[in-house]
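Worksheet: one structure, shown below.
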Amino acid sequence: MKKFIAVIASALLATTVFEQTAAAADANDAQKAQLKANSEKMEAQATANKKKAEAQSDAEKAQASANEDKASAQADADKKAAKGAKATTPAEASGARHDAANAQAKANKKMQQAQSKADRKKQDAANDANVAQAKADEKKVEAQNDANKKAAEAKVDAAKKQ
């Protein structure tokens, strides 16, 4: 009888140890899933940050280009205006003022076009950054959902083994 009780006790002890080991393995799987999710979330955010930085750089380049175009257009207009100061006759002065006014109008138009182009590029860059962040957020949610699902499955498996 003592041997029989010893065998049953050994079997119960082994079963308990096995259940604890299985529960620990399930918990370990959940931890691994969370670590994987965290890694995927960090990678998604890093990708989004990179795309945002690229978009910001594009926007800055577009604005710098617009500023150069605007400065060039204004310089051209200023040259035409300077010719008016060199005029020796009223007719030359009148013609020079007319040329200067036309040059300034063209310069204003070029400056407005350059700024509009830069603004469009900045808007496109902002949209690209928003899309990149939205995709990153989506990947982060998916990764966390996967980790949560694995954790829940691990809890169910642990409950079944008890």
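Just so it is clear, the model here is predicted, and its values are computed rather than measured.
Residues satisfying the side-chain hydrogen bond (donor to acceptor under 3.5 Å, both in side chains) test with E40, not counting sequence neighbours, are none. For K80, there are no salt bridge (Lys or Arg N to Asp or Glu O under 4.0 Å) partners at least two apart in sequence or on another chain. Under the side-chain hydrogen bond (donor to acceptor under 3.5 Å, both in side chains) criterion, K139 pairs with no residue, sequence neighbours left out. Partners of T89 according to the side-chain contact (heavy atoms from CB on, under 4.5 Å) rule, which considers only residues two or more places apart in sequence or in another chain, are A91, E92. Residues satisfying the side-chain contact (heavy atoms from CB on, under 4.5 Å) criterion with K52, sequence neighbours excluded, are Q45, N49, A129, Q133.
Put simply, the side chain of K51 reaches to within 4.5 Å of the side chain of T47, judged on heavy atoms. Proximity of V141 to Q144: side-chain heavy atoms (C-beta onward) are nowhere separated by under 4.5 Å.
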| request: Let me see the working for Q74 and D78 under side-chain hydrogen bond (donor to acceptor under 3.5 Å, both in side chains), right down to the final yes or no. | output: CA-CA 6 Å; Q74 189 58 52; D78 291 346; 2.9 Å; yes

| message | The test is side-chain contact (heavy atoms from CB on, under 4.5 Å); show your working for Q112 and K70 and say whether it passes. | response | CA-CA 8 Å; Q112 190 273 333; K70 288 165 36 174; over 6 Å; no

| said: Checking K140 against D137 for the salt bridge (charged side-chain N to carboxylate O under 4.0 Å, His left out) test, could you report, in this order, the C-alpha distance in whole Å, the side-chain angles of both residues, the deciding distance, and whether it holds? | reply: CA-CA 5 Å; K140 292 190 303 192; D137 291 344; 3.7 Å; yes

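Counting heavy-atom neighbours within 6.0 Å of E43 CD, excluding the residue itself, gives a total of 12 or less. By the 6.0 Å contact criterion, NZ on K41 is enclosed, its count of non-hydrogen atoms from other residues, nucleotides or ligands being greater than 12.
Applying the salt bridge (charged side-chain N to carboxylate O under 4.0 Å, His left out) rule to pairs touching residues 93-120 yields D119-K122, sequence neighbours excluded.
The residues D124 and K121 are annotated as not salt-bridged, no charged nitrogen and carboxylate oxygen being separated by less than 4.0 angstrom.
In terms of heavy-atom proximity, A59 sits nearest to A125 at CB-CB, 4.2 Å. The minimum heavy-atom distance between A151 and A30, with the atom names listed, is CA-CB, 3.7 Å. Counting all heavy atoms, side chain and backbone alike, A107 lies closest to A73 at CB-O, 3.2 Å.
A distance of 12.5 Å separates CG in N130 from NZ in K135, rounded to the nearest 0.5 Å. One distance of note links CE of M111 with OG of S72; it measures 10.5 Å at 0.5 Å rounding. For the atom pair S39 OG and K36 NZ, the distance stands at 9.5 Å (nearest 0.5 Å).
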